[in-house]
Visitor: 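This is the structure, below, for whatever I ask next.
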Number of protein chains: 2
Amino acid sequence: MFVIGYNDPMAEAPATIAAGVRRRTQEQRSAATQAKLLDATVACLAELGYARTSTTMVCERAGVSRGAQLHHFPTKAALVAAAAERVLELRVEEFRATLGGLDEGQERVQTAIDLLWGIFCGPSAYAWQELLVAARTDDELRPHLARVQNRLRDEVAAAWHDLFPSGLQGLDSTLNAAVPKLLFAVLDGLSMHRLTGLPTAETDAHEVLAVVKMLSVYFDAVNPLEEL
Amino acid sequence: MFVIGYNDPMAEAPATIAAGVRRRTQEQRSAATQAKLLDATVACLAELGYARTSTTMVCERAGVSRGAQLHHFPTKAALVAAAAERVLELRVEEFRATLGGLDEGQERVQTAIDLLWGIFCGPSAYAWQELLVAARTDDELRPHLARVQNRLRDEVAAAWHDLFPSGLQGLDSTLNAAVPKLLFAVLDGLSMHRLTGLPTAETDAHEVLAVVKMLSVYFDAVNPLEEL
DNA sequence: CGCAAAACATGCAGGGTTGACTGTTTGTTT
DNA sequence: AAACAAACAGTCAACCCTGCATGTTTTGCG
């Protein structure tokens, strides 16, 4: 697995190809091209959409030959499935990076919502939408994406719980469990409305998010909401 | 325009093709095949998704020749654009039919939400999602769909206002204006989460909708929510 | 050093989609 | 009735995409 003696840093050719790495491990080469392919796929999904995303285009963007792509991902379905996991990584990374760096101020909820909204307007969100909609009618992709979605769901819940361990003060544990789900549903919905590029959708989104923020503050500070 | 003498009801062949209408007007013929094409397109979008929707398939389903399709809709983009308007009609029709037949009971809000959720799990919602996501990366479709979306937005607001003319009692007019927007964002978001067919998405949706119902009842009956 | 295997590159065939083209039927107008 | 226009039908070439098949390079290991 870990062979030494061959990888001699001093033995690199002076500048044959930049100051790059000559003589990489098979594992390194595989990982590198696979990463390039997956990133290119995600980029294509985000920029061109699922329909216009072809393996040819992906290879072009990745700077990889079609043969190499076909070697690592025998079929387009395999490529897309792997790309879905990459999108999951990206989104989780974004969520954690965004929610992790929040100071303890009183307006944590508001800023958290604003930052999350930023994520839902970004490339990873677009790619996820494309995959989600495509999965509905693709019997091969759907089960795979279902597992990925479940993981995303759990990660979101965990990240939210890390941020607000005790939840909103006015709500019991059952209701508090629904809070992140509600929030993310709203964000996903508003994100959909934004896709046509309408200014009204943008203003509506801010309006709705303002209400959500008010509700959060309200139930965190003021009244307990009794069961009905 | 209206020529008589040629349309002789008695001259119909005994039973050449059912007891149908022989000798239709040009306008009637056009409208009929266009309707067949648009309905077939919407059905394809809902069942196969945008990517797998081909004009060939649409013609097959509609029982129309490719030549006829190309005559009425010179390009695929034109067909899809027209289909978008058809989806708008369908959705508005559904909204009005659903919300219109609500009795004056105290649980109007809850039942309204449940009925709306049913619509968001139906074919017209799927077709709309497909169009929305496709429009993001289709420079020709996007502006067209933007106009349609604006109309849908206004229709939704109007339908909601018809249903609850005075809004929720505890909220001022500004907040009440945001209520339907928030609700429809939630529904759209939950609808997206459902696409992978996960049971958890289904239960989450009901959980979230239960919270939304509680909030509606709460703010309709109990406390006024002050501005912050 | 030499061979096996993995990684990579390129060309090719099959299938499918789109839009144009030509010809036919149906209705409208005079 | 005849001329004209619209609606309709079927065929065709160009294009793109996918997956396979063959050939080349790089790495691992004796």
Side-chain angles (χ1 to χ4, degrees), chain A residues 1-8 11-13 16-17 20-37 40-41 44 48-80 138 140-141, chain B residues 1-8 11-13 16-17 20-37 40-41 44 48-80 138 140-141:
Chain A
M1 206 56 164
F2 299 108
V3 178
I4 30 178
Y6 247 67
N7 289 359
D8 184 0
E12 289 185 16
T16 42
I17 294 184
V21 276
R22 293 189 65 79
R23 242 186 143 60
R24 293 175 298 170
T25 294
Q26 296 273 56
E27 221 172 341
Q28 287 174 324
R29 295 210 303 166
S30 282
T33 61
Q34 286 184 15
K36 278 196 290 185
L37 282 170
T41 305
C44 278
L48 309 175
Y50 186 87
R52 295 181 207 269
T53 293
S54 69
T55 58
T56 310
M57 181 67 69
V58 169
C59 291
E60 239 174 70
R61 293 217 176 189
V64 166
S65 72
R66 280 189 47 70
Q69 174 260 313
L70 210 58
H71 174 71
H72 291 287
F73 305 99
T75 147
K76 184 182 180 181
L79 178 66
V80 173
D138 189 324
E140 197 176 350
L141 178 59
Chain B
M1 206 57 165
F2 300 108
V3 178
I4 27 179
Y6 247 64
N7 290 359
D8 186 359
E12 287 184 20
T16 41
I17 293 182
V21 276
R22 294 188 65 79
R23 263 203 119 55
R24 293 175 299 170
T25 293
Q26 296 273 54
E27 221 171 342
Q28 288 173 324
R29 294 208 304 166
S30 282
T33 62
Q34 285 185 16
K36 278 196 290 184
L37 282 169
T41 306
C44 277
L48 309 175
Y50 187 87
R52 295 181 206 269
T53 293
S54 69
T55 58
T56 309
M57 181 68 69
V58 169
C59 291
E60 238 174 71
R61 293 217 176 189
V64 167
S65 72
R66 278 190 50 69
Q69 175 261 313
L70 212 58
H71 174 71
H72 291 287
F73 305 100
T75 145
K76 183 182 181 180
L79 178 65
V80 173
D138 189 323
E140 198 176 350
L141 179 59

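Here is how names work: the chains are called A, B, and so on, in the same order as the sequence lines, proteins then strands, and each is numbered from 1. Source: prediction; values computed, not measured.
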Visitor: Taking CG from B:Leu48 and C1' from C:dT17, how many angstroms apart are they, rounded to a whole number?
Guide: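 Rounding to the nearest Å, CG of B:Leu48 and C1' of C:dT17 are 14 Å apart.
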Visitor: Quick one: A:Gln34 CD to C:dC8 C1', roughly how many Å, whole number?
Guide: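 Value for this atom pair: 13 Å.
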Visitor: In whole angstrom, what separates A:Glu140's CD from D:dT18's C1'?
Guide: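 A:Glu140 atom CD is separated from D:dT18 atom C1' by 14 Å.
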Visitor: With a cut-off of less than 4.0 Å, is there a side-chain N or O of A:Ser30 near OP1 or OP2 of C:dA6?
Guide: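 No, because none of the side-chain N or O atoms of A:Ser30 sits under 4.0 Å from OP1 or OP2 of C:dA6.
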Visitor: Take B:Gln69 and B:Val58 through the side-chain contact (heavy atoms from CB on, under 4.5 Å) test and state the conclusion after the steps.
Guide: CA-CA 9 Å; B:Gln69 175 261 313; B:Val58 169; 5.6 Å; no
Visitor: With rounding to the nearest 0.5 angstrom, report the NZ to OG distance, A:Lys76 to A:Ser54.
Guide: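 OG of A:Ser54 is found 7.0 Å from NZ of A:Lys76.
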Visitor: Tell me, with the steps shown, if A:Val80 and A:Tyr50 meet side-chain contact (heavy atoms from CB on, under 4.5 Å).
Guide: CA-CA 10 Å; A:Val80 173; A:Tyr50 186 87; 4.1 Å; yes
Visitor: Quick one: B:Glu60 CD to C:dG16 P, roughly how many Å, whole number?
Guide: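 So the two atoms are 11 Å apart, to the nearest Å.
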Visitor: Taking 4.0 Å as the cut-off, does a side-chain nitrogen or oxygen of B:Thr55 come that near to OP1 or OP2 on C:dT18?
Guide: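 Affirmative; the distance criterion is met.
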Visitor: Tell me, please, which residues at least two apart from A:Ala32 pass side chain to side chain contact (heavy atoms under 4.5 Å, CB included).
Guide: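 A:Arg24.
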Visitor: For A:Ala35, check side chain to side chain contact (heavy atoms under 4.5 Å, CB included) against everything at least two apart and list the hits.
Guide: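 Residues passing side chain to side chain contact (heavy atoms under 4.5 Å, CB included) with A:Ala35: none at all.
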Visitor: Take A:Gly67 and A:Arg52, find for each the nucleotide of DNA chain D with the closest heavy atom, and name the residue whose nucleotide sits nearer the 5' end.
Guide: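 Upstream on the strand: A:Arg52.
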Visitor: Tell me: CD of A:Glu27 to C1' of C:dA5, nearest whole Å?
Guide: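 Roughly 15 Å, once rounded to whole Å.
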Visitor: May I have the step-by-step check of side-chain contact (heavy atoms from CB on, under 4.5 Å) for A:Arg52 and B:Asp138, ending in yes or no?
Guide: CA-CA 10 Å; A:Arg52 295 181 207 269; B:Asp138 189 323; 3.3 Å; yes
Visitor: Let's see if you get this right: which residues in residues 69-78 of chain B place a heavy atom under 4.0 Å from DNA chain D?
Guide: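 By residue number: B:His71, B:His72.
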Visitor: To the nearest 0.5 Å, what is the distance between NE2 on A:His72 and CG on A:Leu79?
Guide: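 Result: 11.5 Å between the selected atoms.
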Visitor: Touch check for B:Thr56, heavy atoms < 4.0 angstrom, all strands: base, sugar-phosphate only, or nothing?
Guide: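 Touches a base.
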Visitor: Within this structure, what is the OH-to-P distance between B:Tyr50 and C:dT17, rounded to whole angstrom?
Guide: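 Whole-Å distance recorded here is 14 Å.
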Visitor: Classify the side chain of B:Arg29 and the base of C:dG27 as holding, or not holding, a donor-acceptor pair under 3.5 Å.
Guide: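 Result: no qualifying N/O pair found.
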Visitor: Using OP1 and OP2 only, check whether a side-chain N or O of B:Ser65 sits under 4.0 Å from D:dG10.
Guide: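 No, outside the criterion.
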Visitor: Let's see if you can work this out: which of D:dG19, C:dC8, D:dG10 has an atom nearest to the side-chain heavy atoms of A:Arg66?
Guide: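 Looking only at side-chain atoms, A:Arg66 lies closest to D:dG19.
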